[in-house]
Amino acid sequence: MTSTIDRRNFLSKLWKFGFAAIAGAAVWTSWDFLQPTIPIGFGGKVKAGPPDLVPEEGVLLVPAARTYLTRHEGEVVALWSRCPHLGCRLPWCESAGEFECPCHGTTFNRVGEHRAGPAPRGMDRFAVTIEDDNIVIDTAVIISGPRLGSESIDEPSGKPCVAEGH
Ligand code: FES
């Protein structure tokens with residue numbers, strides 16, 4: 001008689017333990033599934049190294065963020081390497097000291113302001129923060145480029161990389 005009760009007791013506890021384990025696993029899985037995912041890489045935040053890497057009068061390409069970093073009035077600016085006209089990739093032309101769109105010939109100065117061509121505004125930008133001496137480019141936050149005619153730096157353009165006549 002005693003052994004039957006002990007066995008029944010043991011099985012009852014075993015079942016309770018089994019249900020508790022399954023419920024715990026279900027809660028853990030649901031909690032883990034519902035956590036927001038933080039995108040890393042393009043579409044999210046990209047670390048680009050210390051601010052010292054950004055030249056005073058040039059640009060630094062950060063491929064993972066599809067971004068050029070440059071300086072404007074002492075601040076680091078992250079320029080999206082996508083032309084605001086029809087989306088072509090914008091190469092930096094070292095000899096000209098400006099961005100030149102190979103598709104329809106829009107040019108932008110070093111800080112992404114429109115110089116000439118059909119693009120409707122300057123180069124779009126991303127939000128930038130400095131965290132633990134690291135530049136963090138938030139490619140989820142797009143800031144529309146400056147309007148036409150707002151060129152604020154006076155850096156002459158040199159020899160173009162793309163043939164003129166677009
Ligand atoms: Fe750049 Fe048209 S896509 S000027």
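Whatever order the structure lists them in is the order used to number ligands and atoms, beginning at 1.
Formation of a donor-acceptor pair under 3.5 Å by the T70 side chain with backbone atoms of G58 is found in this model. Between the side chain of E98 and the main chain of S157, no donor-acceptor pair closer than 3.5 Å is present. Within the 3.5 Å criterion, the main-chain N or O of R71 finds a donor-acceptor partner in the side chain of R110. Side chain of H114 to backbone of G117: a donor-acceptor contact under 3.5 angstrom is found.
Near L86, meaning under 4.0 Å from any of its heavy atoms, are these atoms of ligand 1: 3 (S). For ligand 1, the atoms sitting less than 4.0 Å from at least one non-hydrogen atom of C83 are 1 (Fe), 3 (S), 4 (S), numbered in the order shown with element in parentheses. For ligand 1 and C88, the ligand atoms under 4.0 Å from any heavy atom of the residue are 3 (S).
Between F42 and W80, the angle of the ring planes lies from 30° to 60°, which puts this pair in the tilted group.
Minimum-distance N/O/S atom of H104 relative to atom 2 (Fe) of ligand 1: ND1.
Between atom 1 (Fe) of ligand 1 and C101 there is an N/O/S contact shorter than 2.8 Å. Not a single N, O or S atom of H85, from either the backbone or the side chain, sits less than 2.8 Å from atom 1 (Fe) of ligand 1.
Scanning the protein heavy atoms around atom 4 (S) of ligand 1, the nearest turns out to be T106 OG1, 3.1 Å.
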Practice prompt. Check the pair C161, C93 against disulfide bond (SG atoms under 2.5 Å apart), reporting the backbone distance first and the verdict last.
Written response: CA-CA 6 Å; C161 295; C93 175; 2.0 Å; yes

